[in-house]
Amino acid sequence: MANLTHLTIAQALAGLKKKDFTAVELVEAHIKAAEAARHLNCFITETFDAARAQAKEADARYQKGNPLPLDGIPIAMKDLFCTEGVQTTAASAILKGFKPPYESTVSAQMKRDGTITIGKANLDEFAMGSSNTTSAYGNVINPWKAKGSNKDLVPGGSSGGSAAAVAARISMGATGTDTGGSIRQPAAFCGITGIKPTYGRCSRWGIVAFASSLDQAGPFGKTNEDCALLLRSMAGWDPKDSTSVNKPVPDYAATLNKGVKGLRVGVPKEYRIDGTSPEILALWDKGVQMMKDAGAEIVDVSLPHTKYALHAYYVVAPAECSSNLARYDGVRYGQRVEGDNLIDTYEKTRQQGFGKEVKRRILIGTYVLSAGYYDAYYNKARRVRKLIWNDFIEAYKKCDVLLTPCAPTPAFAIGENTQDPITMYLNDVFTIPASMAGMPGMSVPVGLSSDGLPLGLQLLGRPFEEETLFQAAQALEKAANFTAVPQNIVGKAA
Amino acid sequence: MSNALLKGNTGDWEMVIGLEVHAQVLTKSKLFSGASADFGGAPNAQVSPVDAGMPGMLPVINKECVSKAVRTGLGLNATINNVSIFERKNYFYPDLPQGYQISQYQHPIVGNGEIEIDLPDGTVKKIGIERLHLEQDAGKSLHDQHPQKSYVDLNRSGNPLMEIVSKPDMRTAEEAGAYVTKLRAIVRYLGTCDGNMDEGSMRCDVNVSVRKPGDPLGTRCEIKNVNSVRFVQQAIEYEARRQIELIEGGGKITQETRLFDTKNGTTRSMRSKEDAHDYRYFPDPDLLPLTVDNAFIENIRKTMPELPDAKKKRFVETFGLSAYDAGVLVSEKERAEYFEIAAKGHDPKLAANWVITELLGALNKAEKELKDSPVSAEALGELVGLISNNTISGRIAKEVFAEMFGTGKNPGDIVKDRGLQQVTDTGAIEKLVAEVVRDNADKVAEYKGGKDKLFGFFVGQVLKKSGGKANPGMVNDLLKKKLEE
Amino acid sequence: MSIDKNTVGKIARLARIKVSEEEKEVLSGQLSSILKMIEELNAVNTDGVEPLTSVVQMQMYEREDKVTDGAIPDKILTNAPEQTAGFFVVPKVVE
Ligand SMILES: [Mg+2]
Ligand SMILES: [Zn+2]
C-alpha cells in the first residue's frame, strides 16, 4: 500500500474508488501523522473520533458504489469556520469553549461532499497576523527547517495551522481565509498551493469575521489540482451572505490542463519592492521564463498604486475589525471577566480576552473611524482603494493573469519581526493589493531558497476567472516540478 | 395660532418642536433575519443567531421592509432615493448584540416630504418631513428584576423600524400631538405599521427648544421614547417650561438626551456628558447599497390607497360633510370605511352624525374598539334609512340603536317586533290631537290667550300618547290646525 | 499626527478595552507609528475619486418576508456566561 499521507487528493479519490484502501485507513493514517506532529501545534481542537465515525460512513458509500465527490478525504478546518457543536475559537481566549449552534456554509458544503475534518486548525487570533504567533493557543511551527538550523520557523499567517497541516502531511487539504494574504503567504512559507478566490465566490456565512469587505475563504492543497477540487466544493452563491455572488461554479479540475498558449501574463513593475529577498526576485524572473516557455505571452504592466495598498489596508481592515469585534463583550457567549459594573465588565472582558495584536488593530480602527478623523483616514483609504481597483481593471485590459512574488522573504524564525508591528505588516505587501481589489490570487511553490526553504510565486486573475488562474498555475507547477517536502515529517515519501 | 407663545418673565417665548418617530414595519420577519417580528413571545424565543450577534452571522435584507419603506415614503409625499446605504452605528449596550445598530445615516431610502396636520380649530398646517430611514431595533433590558443584575431579552433585537424624522416645524404641543396622530393614521392606512403605541410599534423622540420670536434656533434637548400622544404633549409642555425657567434664571441649555417620567409628567437628564458619544458610523461592509429602481417605485405608487387628506376632501366635497366631521371620520381607516358602508344609499350627513355621535359615543362608553362594534356598518346604515324614510323618528331611533348595541339585532327586526313604526296615518293622529285638546281645556284656553310656548307641551302630550311613534311633523301640522279652529 | 497617551485612553474607552498606564505608553508609540505609515496615503491624489466600499458590483439580494429562523431559545442561550429564566444576565445597567 502506498504511503497514504503522501497522496494527493486526486490520487486518494482514485485509490478509494479502486478500493486500494479504505477511508478508515486513509483517515487513520492522517490521525497517526497528526498525533506524531502535535509539536507543530496545528490544531486547536482535534476531532479524531468524529472523523473516524465519518470515515466508516464514507466506506459504506464506497461499498455501495455511490460515494460523494470528495468522500473520505481528511482535511483541516481553520478554526475561524463555525462548526456546529464543535468548539470554535478564532484562536482567541475570548471564544474559549464557544460551541456554535450552527455550521458555516463552506464547512457544510465540504461535509456535503464527503470531506472529513480531523481538526480545527490553529491560526492568528481572529486571523490577524502573518506568522501565526498571535494565537491564544500557542504558535504553529512550520514543518520546514532551514538547512543546518534547528530553529523553529513560522508557517506564515493567518491560516498557519492549515498550511502547516497540509505541508506536514497530516491533512490532505485544508480551509483557510485570506483577508490580506492569509492563504497565499502561508502557502508560500509551507511549500504548498493555496488559492484565495474572488471576493464573493465563497460564502462568508459562519466564518468569524475579521474585515468583512476583504475576508474570503479558500483551500490549501499539495497541488493545484487538489485546490481546484476543494474550491469547487467550497464555492457558490449563498443567500445568507449578501456579498456572495450568484454565479455558477465551474468544474475547475476539468480544464486544468488546457495549457497557457497565448495566455497573456502580466509582470507588474511596481512589485519590485525594496527589501525583497534577491532570491525571490530571481525566482520571479525564473517563473516568468517558465510561463514563456509554456507558451504564454509576457506583458509588462503597471499597477501604479501598489505602494499604497498596504497603507490603505491598515485603515480599512482595522476599521472593519473594530466594529466586527464589538460583539465579543461577554454577554451572550464566550469568556466574561466580571468587573465592578457593566462597563468595567466589558472593559476587563475585552482587555483579557483579546491579545495584543487584536487590541492594536481595534484601537487603530476605532481611531480612524472616530469623529474628526473619518474623512482624513477612512474615506481617504477607501478612495485609494478605488484607485487600486482601477489599476487592476486597467492591467487586465493588457493581460489575463499577473505573476508576482508572493512574500518578500521565506519563512522566518519565530520571534523575528515582532518588535515593530509594521515590519510584520510588510510581509503582506505583495498579497494585499489583490485583496483590496477583491481579485482572485494564488500561491504556487516554485523553488527553494539557498537554505532549503520553500518559495512561492503569486498568480492573480480577473474577478471570477479562477479557471484561468488554475490553468496558469498548472503550467507553472508543471514547469517548476516542486517535489521537495519538509525534512522531518512522519512517513516521509520514499 | 394665537396660543402658540408661552409667557415668561422676560416676555413671550416660542417653542420649536421636531419629532423622530420610530415605526415598526409591519412584517412577519425581522429586517435582517428570518426570526419572527411579532410582539410578545417567551424571552429569546424570537431570536436567530443573527439577532444574537453570534460570530460569523450576516444580515440579509427583508424585501418587504424595502417596499413598505418606499410605500410609506410615497404616503409622506416624499422623494424616494434610488440608492441608499446601510451604515453601522457603533456603541456598546447589552441589548445591542452586534455592538452596532445597522441604520441608514448619510443616504436614507426616503428624503424630503410633507404632511398636513389637522388642528382643533379646523385649520390645517403643513409639516415637513426630513427623511425616513430603515434601521434595526435593539433588544430589551429589564432593570427591575434583580437588585444587582439586568436581564436581557433579544426578541425585539433586529425588528424592522422606519425612523421618520420631521423638520422642526411644530410650534405647540397640540401641533406635535396632531402630527403624531396624522402620522399614525397614514401608516395605518398604508398598512406599513400597526401603530400600536402600547406595544411600542410607534415610539417618539421629541426635540424641543425655545426662543424669543424671531430669534435663531435655541439649543435643543431630545426626549427619548415617549409612547403616547398625550405623553408627547405633556413632555413638550414640561420641557419648554423647564427650558424657559432655566434661561430666564440665567442658565444655559446644554444639548442632551432626556427621559420622560410618565408618573409625574417631568423630564430628566439621561446620559452623563463626560461619556461623549462617538458612534463611528461607516457603511456596513456586510451589505451592498440598497437600490430601488423607478419601475419598482411606480408599481408601489399604483397600489397606494386613498390617504386621510384625500378622503377628507372627498367626504366634504361629495357628501357635504363639515370639515370637522370629515376629519373625525378619516382619522382612522376603519372608521372611514365604516362610515362609507353606513352611508351607502343613505343620507351621508345623517349617517356621519350617527357614526360620530351615537356609535363612537357608545363604543367609547363601552370601552370597545370599532372593530368589535356590536352594530355593523350595514345595520347602522339601515337604521339611518329607517329615519330618512320616516319609518321611525329620531327619538325612537335612539331606542332602537341602544337595543342594536346591546343585542346585535338588526334595526328592521327591532322596529317590527316592538311595533315601533312611526304613525303617519292622519286619522289616527287627528284622534290623538283631539283627545289632548279635550283633556287640557284649561291649557288650550291659556294658549289661545296668548301663551304660545304651550304649543310644545301639546306636541309632547300627543307624542307621549302615541308611544313616541307619531310622526312629529304631522303632529305639529295637525295640532296647529286643531288649535286654530 | 501622533496618538498620545490621553488619546489612547479615549479610544480604548470607546472600544471598551481596559488599558493600564504602561500599556498606554507602549500603545501610544505603536499606534503613532502605524498612523504615520497610514498618513503616507496623503501623497496620493484622490480628487474626484469615489470611496470604494465593496468590490462586489451587483444588485443586493433581498429575501422574502418569511419566518425561517428563531424559536431556538436554548441554542441562543447555550453559550451564555450567565442566564436566568430564558434571559441573558449582565451586571445592572445604570442610566
Ligand atoms: Mg434618532
Ligand atoms: Zn433610530
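In what follows, every chain begins at residue 1, and chains take the letters A, B, ... in the order their sequences are listed. These numbers come from a predicted model, not from an experiment.
Salt bridge B/R301/B/E298: present, at least one basic N to carboxylate O contact under 4.0 Å. The pair B/E256-B/R258 meets the salt-bridge criterion, with a side-chain N (NZ, NE, NH1 or NH2) lying under 4.0 Å from an Asp/Glu carboxylate O. B/D286 and B/R88 are joined by a salt bridge, as a carboxylate oxygen and a charged side-chain nitrogen come within less than 4.0 angstrom of each other.
Going from atom CD of B/Q98 over to atom CZ of B/F32 covers 9.0 Å, rounded to the nearest 0.5 Å.
Contact annotation for C/K75: only backbone heavy atoms (N, CA, C, O) come within less than 4.5 Å of a heavy atom of chain B. In this structure, chain C has a heavy atom under 4.5 Å from the side chain of B/L154, while its backbone stays farther away. With a threshold of 4.5 angstrom between heavy atoms, B/T291 approaches chain C through its backbone and through its side chain. Neither the backbone nor the side chain of B/V50 has a heavy atom closer than 4.5 Å to any heavy atom of chain C. Neither the backbone nor the side chain of C/Q83 has a heavy atom closer than 4.5 Å to any heavy atom of chain B. Only the side chain of B/P94 comes within contact range of chain C, with at least one heavy atom under 4.5 Å from a heavy atom of that chain.
Heavy atoms of other residues, nucleotides or ligands lying less than 6.0 angstrom from CD of C/E50 number 12 at most.
Relative to the six-membered ring of B/Y281, B/K89 misses at least one condition, a distance below 6.0 Å or an angle of at most 45° to the axis.
Residue with the most contacts toward chain B among C/E62, C/K10, C/K92, C/E64: C/K92 (heavy-atom pairs, distance under 4.5 Å). Heavy-atom pairs under 4.5 Å with chain C were tallied for B/S33, B/A42, B/S36, B/P289; the largest tally goes to B/S33. In terms of non-hydrogen atom pairs under 4.5 Å with chain B, the most contact-rich of C/N79, C/I76, C/T68 is C/I76. Ranking B/P285, B/S48, B/P147, B/A52 against chain C, the residue ahead of the rest is B/S48, based on heavy-atom pairs under 4.5 Å. Contact tally against chain B (heavy-atom pairs below 4.5 Å) for C/V89, C/D65, C/V67: the top residue is C/D65. In terms of non-hydrogen atom pairs under 4.5 Å with chain C, the most contact-rich of B/I61, B/N62, B/D95 is B/N62.
Residue B/Q46 comes nearest to B/N155 through the heavy atom pair N-OD1, 2.8 Å, listed as atom of the first residue, atom of the second, then distance.
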Candidate pair B/F260 and B/F231, rule ring-ring contact (aromatic ring centres under 6.0 Å, His included), full reasoning: CA-CA 8 Å; B/F260 179 65; B/F231 290 155; 5.6 Å; yes

